[in-house]
Enquirer: 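The structure under discussion is supplied below as structure tokens; questions concerning it will follow.
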Amino acid sequence: MLNTSRPRRNRKSHAIRSLMRETTLTVDDLIAPLFVINGKNKIDHIESMPGYARLSRDLLVKEVKELSQMGIKCVSLFPALDDSFKDKFATESKNPNGLLQTTIKDIKDAVPEMLVMTDVAMDPYSSDGHDGLVDDKTGEILNDETLDILAAMAIAQAEAGSDIVGPSDMMDGRVARIRAGLDESSFTNTLIMSYTAKYASSFYGPFRDALDSAPKAGDKKTYQMDFSNRVEALREIELDEKEGADILMVKPGISYLDVIKDMKDHTKLPVAAYNVSGEYSMVKAAAERGWLDGDKIALEMLTSFKRAGADMILTYFSKEVARMLD
Ligand code: PBG
């Protein structure tokens, strides 16, 4: 029988495949998360994230220079603080001379063209290890009491030079409260990348090792989303759009490609995806054993994020992938 439809014709050679390609991953899509620690000339390897380290400010600035030379345009900063900087109210998060704020300034002085994104949530600063304020009697995470703390934190970050604040706490109403706070302080040009659909996930384990930020009691299921749910993400999209978010995010990534696709189909805002720490560590661990080709897996994973509809990706693979794409 005559076979007129032969999809293989379009896969015949490298050149033909290049012409046919629907999705392309580029260095412009990448946001590199970085962990900063106090001290000088300090590099502190993270055991559960092979190849990744917490860096003191001086080394972090060097790293940012390198990333910039490789074409990466945005970094996302996370401060790893010891317990002496943590308290119930995340007070340190507002300190203009604190670790995060001074790191932002250092980066902006040394590499002004690099976009700096910062996380808005209490956990790196909280003695309770939660993203919101904890009621000591009931253990409840107090929503509305947290919002003022988040707004003050976002303003402190914007004051230090953060270009994009990323509320990762999943409190209700945070985007509106942060937007109002920023605008009242004349930071109308600071973007909000909302962690719109952030799931209560076990994929965050290595990140919590990196920051020593695991909850002291309970879990995050009363604020982060149930991983069984899809439609609930649509509700969060509507709220974040109404509240004034500039970019919407899905987190984690690889187990949530359906949510990325849904989000892309339901919003006109740009969509980001977070390829989280556990996703990175799984690939690294298997690659170390020679069970997988880590580089190829990273490219395949990140391309699948884009195919699903992500416009940008936060990933610990940023530097390696930038090198591969070069
Ligand atoms: C904290 C925060 C987390 C991540 C980013 N911001 C962890 C959490 O919610 O417990 C996870 C990132 C990763 O695993 O790479 N608000």
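Order of appearance sets the numbers: ligands from 1, and atoms from 1 within every ligand.
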Enquirer: Please report which non-hydrogen protein atom sits nearest to atom 8 (C) of ligand 1, along with the residue it belongs to and the distance in Å to one decimal place.
Expert: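 I find the closest protein heavy atom is Lys220 NZ, 3.3 Å.
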
Enquirer: Arg235 side chain to Glu232 main-chain N or O, any donor-acceptor pair under 3.5 Å?
Expert: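 Flag not set: sc Arg235 to bb Glu232 has no pair under 3.5 Å.
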
Enquirer: Do NZ/NE/NH1/NH2 and the carboxylate oxygens of Asp106 and Arg57 come within less than 4.0 Å?
Expert: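 A salt bridge is present here (some side-chain N lies under 4.0 Å from a carboxylate O).
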
Enquirer: Looking at Leu133 and Glu145, what are the two nearest heavy atoms and their distance?
Expert: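 Result for this residue pair: CD2-CB, 3.8 Å.
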
Enquirer: For ligand 1, is Gln224 a contact, meaning one of its heavy atoms is under 4.0 Å away?
Expert: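 Yes.
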
Enquirer: Look at atom 14 (O) of ligand 1 and say which protein heavy atom is nearest, naming residue and atom and giving the distance to 0.1 Å.
Expert: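 That would be Ser277 OG, 2.7 Å.
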
Enquirer: Starting from atom 11 (C) of ligand 1, find the nearest protein heavy-atom neighbour and note its residue, name and distance.
Expert: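 Ranking protein heavy atoms by distance from atom 11 (C) of ligand 1, first comes Lys251 NZ, 2.8 Å.
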
Enquirer: Using a 4.0 Å cut-off to any heavy atom of Arg208, which atoms of ligand 1 qualify?
Expert: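 Heavy-atom distances to Arg208 below 4.0 Å select 8 (C), 10 (O).
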
Enquirer: So, regarding Lys198 and ligand 1 (criterion: nitrogen or oxygen to nitrogen or oxygen, under 3.5 Å), is there a contact or not?
Expert: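 Indeed, backbone or side chain, Lys198 has an N or O that close.
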
Enquirer: Please classify the Asp169 to ligand 1 contact at 4.0 Å (heavy-atom distances, strictly less than): side chain, backbone, both or neither.
Expert: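 Answer for Asp169: neither.
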
Enquirer: Do Tyr125 and Phe85 have ring centres separated by under 6.0 Å?
Expert: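 No, they do not, as the ring centres are separated by 6.0 Å or more.
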
Enquirer: Please report, to 0.1 Å, the donor-acceptor pairs under 3.5 Å made by any side chain of residues 20-29, with sequence neighbours excluded.
Expert:
residue	atom	partner	partner atom	Å
Thr26	OG1	Asp28	N	3.1
Asp28	OD1	Lys73	NZ	2.6
Asp29	OD1	Lys306	NZ	3.4
Asp29	OD2	Thr26	N	2.7
Asp29	OD2	Lys306	NZ	3.0

Enquirer: Nearest protein heavy atom to atom 6 (N) of ligand 1, by residue and atom, and its distance?
Expert: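 Atom 6 (N) of ligand 1 sits closest to the protein heavy atom Asp119 OD2, 3.1 Å.
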
Enquirer: Looking only at heavy atoms, is any part of Tyr274 under 4.0 Å from ligand 1, and if so is it the side chain, the backbone, or both, or is it neither?
Expert: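 Under 4.0 Å from ligand 1, Tyr274 contributes side-chain atoms alone.
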
Enquirer: Find all atoms of ligand 1 within a distance of less than 4.0 Å from any non-hydrogen atom belonging to Tyr316, and give their numbers and elements.
Expert: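 That gives atoms 12 (C), 13 (C), 15 (O) of ligand 1.
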
Enquirer: At less than 4.0 angstrom from any non-hydrogen atom of Ala121, what atoms of ligand 1 do you find?
Expert: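 Checking each atom against Ala121, I get 16 (N).
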
Enquirer: For ligand 1, does Asp123 get within less than 4.0 Å through its side chain, its backbone, both, or neither, judged by non-hydrogen atoms?
Expert: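 Asp123 to ligand 1: side-chain contact only, backbone stays beyond 4.0 Å.
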
Enquirer: Only pairs under 3.5 Å count here: list side-chain donor-acceptor contacts from residues 199-208, not counting sequence neighbours, and write none if there are none.
Expert:
residue	atom	partner	partner atom	Å
Tyr199	OH	Asn229	O	2.8
Ser201	OG	Phe203	N	2.9
Tyr204	OH	Tyr199	O	2.6

Enquirer: Of the non-hydrogen atoms in Ser277 and Tyr316, which two are nearest, and what is the gap between them?
Expert: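 That closest heavy-atom pairing would be N-CE1, 3.4 Å.
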
Enquirer: Within the 3.5 Å criterion, strictly below it, is a donor on Gln157 or Ser162 matched to an acceptor on the partner's side chain?
Expert: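 Not at all, the side chains of Gln157 and Ser162 share no donor-acceptor pair under 3.5 Å.
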
Enquirer: What protein heavy atom sits nearest atom 16 (N) of ligand 1, and how far off is it?
Expert: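 The answer is Ser168 OG, 2.8 Å.
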
Enquirer: Just by distance, no angles: are the side chains of His45 and Tyr52 close enough, under 3.5 Å, to form a donor-acceptor pair?
Expert: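 The answer is no; no qualifying pair exists.
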
